[in-house]
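Below is one structure, written out as C-alpha cells; comments come after it.
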Amino acid sequence: MNVNANANFAQDNPMSQFLRMERMPHIWCPGCGIGIVVTAFAEAIKKSGLDLDKVAIVSGIGCTGRTAGYVKLDSFHSTHGRAIPLATGLKLANPEMKVVVFSGDGDLTGIGGNHFIHAARRNMDLTVVCVNNFTYGMTGGQVTPTTPHTANASTTPFGNYEYPFSLPFLADACGATYVARWTSLHARQISASIKEALNHRGFSFIEVIAPCTTLYQRRNRLGDGLDALEYYQNDAEIVHDIDTRLVDIDYQGKIKVGKFVHKEKPTYLDNVNQHYANVLGDEYQLYGKTTPEREAEAKAKAEAEAAAKGAV
Amino acid sequence: MRKVKADPKGVLEGPHFMDGDHALAEGALAAGCRFFAGYPITPSTETAERFAERCPEAGGLFIQMEDEIASIAALIGGAWGGQKVMTVTSGPGFSLMMENLGLACMTETPMVIANVQRGGPSTGLPTLTAQQEMMQARWGSHGDYRVIALVPDSPQECFDLAIEAFNLSETYRVPVLIMTDETVGHMHEKVVIPPADKIEVVERNWYTGPKGEYKPYKFGDKNYMPGPMVKVGDGHRFHITGLVHDERGYPQATVEAGKINITHIIEKIDSNRDKIVRFEADQLDDAEVVVVSYGITSRIAIKAVMDARKQGIKTGNFRMITAWPFPEKQIREIASKVKAIVVPEINYGQMVMEVERLAAGKCKVVSVNSTGGAVHDPKEILAAIKEARS
Amino acid sequence: MMEVRFSGFGGQGIVRCALITGKAISLYDDKFATMTQSFGPEARGGACSSQLVVSETRVLYPYVTVPGVLVALSQEAYNKYEPELGNGGILIVEQDLVKQKPDTGRVQIFPVPATRFAEELGNRLFANLVVIGFFAAVTKCVTPDAVKKALPELVPGRFLKANIQAFDKGYAFGNDMLAERASPKEAVA
C-alpha cells in the first residue's frame, strides 16, 4: 500500500473542519457507538447554520467524556459528573454561546445526577447529549444507573438487581423542554434531533442507546457492534410524543425511540432578565460594560469635551 | 499585568458599618466580579445574600447552585465565559469543592473562593469560629498543586483582600482562597470603601494574537508566569482538560508532559513567593519571643504581645496575611534570631507545623492550640510567651 | 474601653440596637466599635444578645469579657446576663418586663419603661430606639447626633421620624433621671 495515499487523510477527511485531526486516532474501541453520535453531532451542527465559534462543548469523565477533546470547538473536559454545572457557568457568563454537554450515562446520571435534574428543573439553555451504553466503560464495565435489571456488569457479576433510570422520564419529570431518544443505529434521526435541540431554547436532552462492545456486549454474550445494531433494528420502535412513563428499557427488551417532549418555556436566563427588567426597569443590564468598553466610552467622552473646549 | 480603575458600578463608596461576610461581597464587586455561584452554608451565607442583592444593579449574575460541587464547577465555566468569578462557603462545602479546586488549578482558571471557617470536623460547630481548614486549603485537593490563600483579620481587610485576591488570581491564573473565620465574617466594624478611581484592579490578561495560534497555556516562561486567556466564543476553538496536558491543552499521558505541566503550576507560585507573600511584622528587632499568627487570632496576639511588653518581656508580633504560599524566608529569619516562636491558632495545631519545619530546631516553637469554637483568651497566649522564654 | 451587652428576646430589635449604636460610634463619633451577636436558632426567638466593644483605639479582642454596661429587655436575659455584669457597671432594664432582684448596690440600675413609651408613640417596635436614647443619656457612650446620622439605612424610611422621636424620648428620660439622681431635692422641688 502506498503510504502517501493517506498523507492528506487528516485534511481531506470530511470531518476535518469539525474534529481535531491532530488528536486522531481516538481512544474508542471498534464497534463502539460513541463515534456515530459524534458524527451525527457534527452533521447536526453543520446543518443548524450555527457559527461554530459560538458553540462550546463540555464533557465529564469517561469514554463519552473524551468527546470534548476531539471536537474542534471551544471545548472543556471537566471532572466526573460536573459537565452540566460547568456548562451552566459557561452559558450564564456568556449567554451568546450555544453550550452542548456531551457525556455518558454514568457521568451524567450517576455521579452527576443531581446536576442533571437541577439543570432540567431550571430549564437551563443547554443541549445535553447522553450516550447511554449501560456501562462505566473507562473503568472496565461496572453497573450504571441505567444498566437494565438482570444485565451483567463487573460489579454485578451475578446480574443487576437494581432498578434502572429511564432517562427520558427522568428528564421530562424534572422539567426538560425537549426530550428525544434514539439508538446508534438511527444516525440520521440523532442528527435531526440534535439539530432541533440546538435550535431549541431551554434544556434539551437526547439519549442515544449505544453499544459498548468490549464490556457490556461481551460480558453479556451479546456479540459485537453489528449484533447490537441488529438488536436495535429489530427491537427499537419509533413512537413520537409517547408518555415518557412508558419508555423503560428491560434487558434486551423493546426500546421506544423518538421525540417525546418538545415544548416552549422561558429559560433560566429569560426569567432572570425578565424578572430584573421588571424590578429595576431600564437600568438593568446583565453584565454591564467590559473594561475596554468603559475605557472607549471614557475616551470618546474626553475627546468630545476637548473638542467642545477647542470650539469655544 | 494591566491595571485599571475599578468599575464604579460595583463600588459602594463610603464608610459603612459592615460585617466581614458583606465586606467580602463588596470587595468582590469592587474588584470586578460579576458572576457568583454558591450554596448556603453557615456562617458564610451572608456573602452570597449580599451578592445576590447587589449584583442586578452592578450588572452581575448570582446563581444558587444545587451544591458546592456545582458552585465551583460553574465558576470554572464562568471564568472561561469571560467573567471574574467567586464563591463562598464553610467547612463542609469547602470539602465538597476540593476536587474541582484541583481542576481550576490544573486548567489555570482564575477564581476566588472564600471560606468562612467554622468548627469541624463534619458538621462540627456551625455557628462558632475556627481556623481548622488552613492545611486543607493547602493540601485539600488530590495531587501536587499550589494555591494562594489570604487571611483577613477584620471586615475592612475582608474588603481589601477580596480585591487583592482577584488581582492575584488574574496575575497568576490560580484560584485564590480567602480563609476567614466566623468571628471576622460575622462581626461588624467600620469598613471604608474608597472611590472607584482609587481602587486598582488587575484586568484579565487577554490574548490579542491571531486566531488559530492561541494556546491556553504557556510553560516555558523563565518566571513561570502563565500565558494569556481567551473566552469562549472568541473563535480560538481552544481545549482545556484536567488531564496532564501540553501548551495546546491536549492530554499527554506521559511522565515528561507531567513534569512540565506540574512544575509550571507549582513554580508559578513558589518561584514568585516573594512577590505574593504579605505580612505585618512589629517589634521584631529586639524580640526574644515572636508570636506568629493570622486572621482573628492575630488581633488577640497583639493584645498578648502588648501585655508581655508591659511585663518587660521582649516580644514581637508577626501576622501572616498570606498563609499560602507560606512566608518561609521570614519565619526562617525570625527563628534564627529569637528564643522562641509562639503560634496561637483556633485549631489543634496546623500552621505551627510549617513554623516548626522552618525553625528547624533553631528556636523553640510553642503551639497555643484549641479544639475550635472560640478565639483565644489573650492570657493563654501571654502564658505561652512567658513559658516559651524560660 | 467600654464593653456593652444588649439582651432581650427575639423580635425586640436587640441586634439592631447594637448595629445602630456601633455604626453611630464608629462612623460618626470617631471612635472604634466592634459588634458581635448571637447566631443560630436563639437569634430567632428566645433569649438573644448582641455585644459592642467601644474603644478610643483599635479594638483587638472583639468580644465582651466583663461588660461594663448591660441592657436587659427581658426576664430571661436579665437572669442570664446580670451576674456577669462587672461591679459598678451600668444595668439598664425594661422595668415593665423585668422583675429585679433586691438592689444590693453592686451595679448602678437604670430602669426604663421603653415598651410603654414606644406604645405611646404608636408602635412597640420603637422600644429599641427608646432604649438607645436612654442608653446614650446614661452611658455617654454615643452622641445623639451620631445616632441620628446612623439611623437612615437601619430603620425603614417611613418610620425614621417616629424612631427619632422614640430616641429623643428615651434620651430625655435618661437625662432627667441623671439630673434627679445628681440632686434629688432640686428635682423634687
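Every value quoted in this text rests on a predicted model; they were computed, and no experiment measured them.
For Y217(B), the OH atom sits in a packed shell: over 12 heavy atoms of surrounding residues, nucleotides or ligands are nearer than 6.0 Å. Atom CD of Q17(A) has 12 or fewer heavy atoms from other residues, nucleotides or ligands within 6.0 Å.
The shortest distance between side-chain heavy atoms of D125(A) and L269(A) does not fall below 4.5 Å. In this structure, M124(A) and V99(A) have side chains that are not in contact, with every pair of non-hydrogen atoms separated by 4.5 Å or more. In this structure the side chain of P95(A) reaches within 4.5 angstrom of the side chain of Y287(A), judged on heavy atoms. Annotation: side chain of I61(A) is in contact with side chain of H77(A) (closest heavy-atom distance under 4.5 Å).
Proximity to chain A is absent for every atom of Y214(B), based on heavy atoms less than 4.5 angstrom apart. Heavy atoms closer than 4.5 Å to chain A are found in the backbone of A6(B), but not in its side chain. Within the 4.5 angstrom heavy-atom criterion, atoms from both the backbone and the side chain of I63(B) approach chain A. Using a 4.5 Å cut-off between heavy atoms, L75(B) does not touch chain A at all. Within the 4.5 angstrom heavy-atom criterion, only side-chain atoms of R248(B), from C-beta onward, approach chain A. Proximity to chain B (any heavy atom under 4.5 Å) is restricted, for R23(A), to the side chain, taken from C-beta onward. Residue contact with chain B, scored on non-hydrogen atoms closer than 4.5 Å, is absent for A119(A). Only the side chain of K211(B) has a heavy atom closer than 4.5 Å to any heavy atom of chain A. For a residue to count as touching a neighbouring chain, one of its non-hydrogen atoms must lie under 4.5 Å from one of that chain's; by this rule E203(B) touches chain A with the side chain only. If you measure heavy-atom distances from A70(B) to chain A, the contacts under 4.5 Å come from both the backbone and the side chain.
Chosen from K98(A), R20(A), R121(A), the residue pairing most often with chain B at heavy-atom distances under 4.5 Å is R20(A). Here E22(A) is the residue among H80(A), E22(A), K91(A) with the most heavy-atom pairs under 4.5 Å with chain B. Interface check for chain A: of the options A74(B), G102(B), G242(B), G249(B), the most heavy-atom pairs under 4.5 Å are formed by A74(B). With chain A as partner, the option from I76(B), L61(B), L243(B), V230(B) having the largest number of non-hydrogen pairs under 4.5 angstrom is L61(B). Of the listed residues (I69(B), D7(B), D234(B), V85(B)), the one with the most heavy-atom contacts under 4.5 Å to chain A is D7(B). Between chain B and the residues A56(A), G69(A), S59(A), G81(A), the most heavy-atom pairs under 4.5 angstrom are made by G69(A). The choice from V55(A), T88(A), L286(A) that makes the most heavy-atom pairs within less than 4.5 Å of chain B is L286(A). For the set K54(A), E283(A), Q285(A), R122(A), the entry with the most heavy-atom pairs within less than 4.5 Å of chain B is R122(A). Most heavy-atom pairs under 4.5 Å with chain A, from the set A37(B), A58(B), G78(B): that is G78(B). The candidate with the highest count of non-hydrogen atom pairs below 4.5 Å against chain A, out of K9(B), E66(B), R204(B), E57(B), is E66(B). By number of non-hydrogen pairs under 4.5 angstrom with chain A, the leading residue of G82(B), P251(B), G81(B) is G81(B).
A perpendicular orientation is assigned to the rings of F238(B) and F76(A), their planes being inclined by more than 60° (bins at 30° and 60°). Aromatic ring orientation, F219(B) versus H264(B): tilted (interplanar angle from 30° to 60°). Using bins of under 30°, 30° to 60° and over 60° for the plane-to-plane angle, the ring pair Y276(A)/Y284(A) lands in the tilted bin.
If you look at Y178(A) and F203(A), their ring centroids are not closer than 6.0 Å.
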What verdict does the salt bridge (Lys or Arg N to Asp or Glu O under 4.0 Å) test give for R237(B) and D53(A), after you've listed the backbone C-alpha separation in whole Å, the side-chain angles of each residue and the deciding distance to 0.1 Å? CA-CA 7 Å; R237(B) 312 274 194 95; D53(A) 286 350; 2.8 Å; yes

I would like to know whether H245(B) and Q252(B) meet side chain to side chain donor-acceptor pair (under 3.5 Å); could you show each step before the answer? CA-CA 5 Å; H245(B) 48 262; Q252(B) 298 292 343; over 6 Å; no

When you look at E43(A) and K46(A), which way does the salt bridge (Lys or Arg N to Asp or Glu O under 4.0 Å) test go after all the steps? CA-CA 5 Å; E43(A) 289 300 320; K46(A) 271 190 224 161; 3.4 Å; yes

